2 protein chains.
Amino acid sequence: MEAASGSSITLAQVARLAGVSRATASRVFSGNPAVSLEACSAVERAAAELGYVPNRAARSIASGRSESVGVVIPEPRSSLFLDPLFPRLLRGIGEELSASGLQMVLFAPPSPSDVQRLEQYLAGGHVDAVILLTFHESDTLSVRLQARGIPVIYGGRPSGRFNVSFVDVDNHAGGRSATEHLIAQGRRRIAHIAGPLRSRLASDRAQGFREAMWNSALRSDLVAHGEMDRDSGEVAMSRLLAESHDIDAVFAASDAMAAGAMWAMQVLGRRVPDDVAIIGFDDSPLAAATQPPLSSVRQPIEDMGREMTRLVVSMSGTRMQTPQQMILGSELQVRQSTLAAAS
Amino acid sequence: MEAASGSSITLAQVARLAGVSRATASRVFSGNPAVSLEACSAVERAAAELGYVPNRAARSIASGRSESVGVVIPEPRSSLFLDPLFPRLLRGIGEELSASGLQMVLFAPPSPSDVQRLEQYLAGGHVDAVILLTFHESDTLSVRLQARGIPVIYGGRPSGRFNVSFVDVDNHAGGRSATEHLIAQGRRRIAHIAGPLRSRLASDRAQGFREAMWNSALRSDLVAHGEMDRDSGEVAMSRLLAESHDIDAVFAASDAMAAGAMWAMQVLGRRVPDDVAIIGFDDSPLAAATQPPLSSVRQPIEDMGREMTRLVVSMSGTRMQTPQQMILGSELQVRQSTLAAAS
DNA sequence: CTGAAAGCGCTTACAG
DNA sequence: CTGAAAGCGCTTACAG
């Protein structure tokens, strides 16, 4: 069976054309410095002429390294897949990976049994490192992988566990600066539409809110919780407005909740920003689409992807597995929803 | 060097425990029916006990098949990565792939030279099939891959070429039904904010618009072009409104352009939907966030991902490479932006 | 239905 | 700096 597809150039052919052994040819492709310039250039010329590209599977099996890193999305049915940040994160990871000549293998196990299979698969040395994309509970996956010596890094600080590597955005500082921005605009009765209590990310943002209010001697009693989506933002805002008529600003923990809140305000006859200023979080495409455009906290998500990749790849090089942690700053994106009322 | 990570169970160990040869053990994992039930169950028991998972690299190199399909995003800097549909597409692909036990390898070559490298890589038999995610010009990539016998499928109909396999959404019908919906609401002076002329997808939608107008004996003279993003939608709407004061409805070829258009209308004092009804395309998260919420054409993107995967995988099974083409319908998502004015 | 054997394309001590 | 040789984990005609 002459494989129609698999009939590509092999190392042996390159070596033959270059007049060296396979061992030598192999060395030039793996960047081994112990090769004469002569041999090196002969091999490179031959490779170029033949259009040779190393077979990763063979290389992986022979060397024990796979030259690829796994990106795992444990809950594809969850919000992450629909999160506006997800593509940006993936892009950052992809850029860094291809800069390092590594392959990105994406796993989105649809069911728990698939996670099980995946765990064995990843533990089987098919991947040099694992990037775990979950903002939720950390699972046993990372523990078992680390036990096998496979470096794992989390995107976003996993709730609960401490002994893991992660890159996160500074949600606390982001929440604080969003709130400080509202205060600087002269707002005083500021409400917060927070995410669910179980979410680390959401509670960090809420903590930032409280801190900013406290620093300015303002009361942070106006807090409602939502599920980060539009509808829960709408509900939360209606409730807040029903309870306190003097609210003059809102910090929502997500743009989607902010959009829902704006809708609630419109229904209830509150003008944005004249009556109530509002700021969101994520700086998603939503933010530019609301009326008026929504101020938001912009996170360096591409950078986060790049840093995660860089860290986990460097960990796969060294034996030591000290947890690496990194927190990135965010910046305010000010739009009309928080501009001082035209007077 | 006792590899800390690679020391996983091998076929040989399973075979030994099961009391059969590696050949027999191998056969049960590859689903070869020529194995006695006795041997089969012994092997399966041994595998379960040992936690064996086949090494894909070894399997790939020995069999010539890779059990993985490549998903290529040729222009990661382009809009696709930021397209709200992208995650949904990826999810559909991922689901179908893992149902078939195939691996998804994602490629997002950042530069043209990376595309070059990738081309050789994919042609080297590292992947059983390729899913090409580009709504733009078709490139030489697919041609060369097909020449090598590697099945390729496009997501979205590539402009220009005909002899390729693709799965697309029926943009023409979508544009027509959006327009018909506006007509059914009693609107008569309907404008279209179209995408760039070079885009197949955009011109299909525009064609649908024209057809619906023609069928109702309405003039389709109110057409402006944008780049599918928010800002160009705003510009286009301003221009349309400046030229024709009697516009009572707009069909925008993307939700983002619709959002921009709504903003322009607000600035110019036109009420939605009272003065002007508006409908978008994509049913992205944007649609629920605008004020009022935006009607839109919803595409079965997850299905598209699944069908693409199913098709390309089936192609990789058979020798014949007749182009497979499939077009999926879309459905209207009606919200307040097109509801009849409350009178 | 089963096993011994060759082979997939590469890497890597080892001995020069 | 270089090559012969063993080996990575699996599959697959081939011969029973």
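Note that this is a predicted model, so its numbers are computed, not measured. Each chain gets a letter, A, B and so on, in the order the sequences are listed, and its residues count up from 1. All values below were derived from every heavy atom in this structure, side-chain atoms included, with hydrogens, water molecules and symmetry-related copies excluded.
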I want to check one thing: is the phosphate of [N], taken as OP1 and OP2, less than 4.0 Å away from some side-chain N or O of [X]?
{"X": "B:Arg65", "N": "D:dT12", "result": "yes"}
{"X": "A:Ser26", "N": "C:dT11", "result": "yes"}
{"X": "A:Ser36", "N": "D:dT2", "result": "yes"}
{"X": "B:Thr24", "N": "C:dT2", "result": "no"}
{"X": "A:Ser63", "N": "C:dC10", "result": "no"}

* Rounded distance in Å between the P positions of D:dC1 and D:dA5 -> 24 Å
* Asked: Given the C1' atoms of C:dT12 and C:dG16, what is the spacing between them in whole Å?
  -> 16 Å
Using 0.5 Å steps for rounding, measure from the [atom1] atom of [X] to the [atom2] atom of [Y].
{"X": "B:Cys40", "Y": "B:Asn32", "atom1": "SG", "atom2": "CG", "result": "10.0 Å"}
{"X": "B:Tyr52", "Y": "B:Thr10", "atom1": "OH", "atom2": "OG1", "result": "7.0 Å"}
{"X": "B:Met104", "Y": "B:Ser68", "atom1": "CE", "atom2": "OG", "result": "11.5 Å"}
{"X": "B:Met308", "Y": "B:Asp168", "atom1": "CE", "atom2": "CG", "result": "10.0 Å"}
{"X": "B:Phe166", "Y": "B:Ile327", "atom1": "CZ", "atom2": "CD1", "result": "5.0 Å"}

Taking the side chain of [X] as its heavy atoms from C-beta onward, which of [options] lies nearest to it?
{"X": "A:Asn55", "options": "C:dG3, C:dG9, C:dC1", "result": "C:dG9"}
{"X": "B:Ala23", "options": "C:dG3, C:dT2, D:dC10", "result": "C:dG3"}
{"X": "B:Tyr52", "options": "D:dC10, C:dG3, C:dC1", "result": "D:dC10"}

In whole Å, what is the span from the [atom1] atom of [X] to the [atom2] atom of [N]?
{"X": "B:Ile61", "N": "D:dT11", "atom1": "CD1", "atom2": "P", "value": "12 Å"}
{"X": "B:Leu50", "N": "D:dG9", "atom1": "CG", "atom2": "C1'", "value": "15 Å"}
{"X": "A:Asn32", "N": "C:dT12", "atom1": "CG", "atom2": "P", "value": "9 Å"}
{"X": "A:Arg16", "N": "D:dG3", "atom1": "CZ", "atom2": "P", "value": "14 Å"}
{"X": "A:Phe29", "N": "D:dT2", "atom1": "CZ", "atom2": "C1'", "value": "16 Å"}
{"X": "A:Arg59", "N": "D:dC8", "atom1": "CZ", "atom2": "P", "value": "19 Å"}

* Could you summarise the pairing of DNA chain D as dot-bracket text, marking Watson-Crick and G-U pairs under 3.5 Å with ( ) or [ ] inside the strand and | across strands? => |||.||||||||.|||
* With a 4.5 Å limit on heavy-atom distance, are the side chains of A:Leu106 and B:Leu90 in contact? -> yes
* To do: By nearest nucleotide on DNA chain D, pick out whichever of A:Arg22 and B:Leu11 is the more 5' one.
  => A:Arg22
* To do: Report which part of the nucleic acid B:Ala39 touches: base, sugar-phosphate, or nothing (heavy-atom distance under 4.0 Å, all strands).
  => sugar-phosphate
* What is the nucleic acid contact for A:Arg27, judged by heavy atoms within less than 4.0 Å: base, sugar-phosphate only, or nothing? -> base
* Report yes or no: does A:Ser26 contribute a side-chain atom to a donor-acceptor pair with the main-chain N or O of A:Arg22 at less than 3.5 Å? => no
* To do: Please report the closest heavy-atom contact between A:Asp128 and A:Ser316, naming both atoms and the distance.
  => O-CB, 3.5 Å
* To do: Let me know, please, whether A:Ser30 or B:Glu38 comes out on the 5' side of the other along DNA chain C by nearest nucleotide.
  => B:Glu38
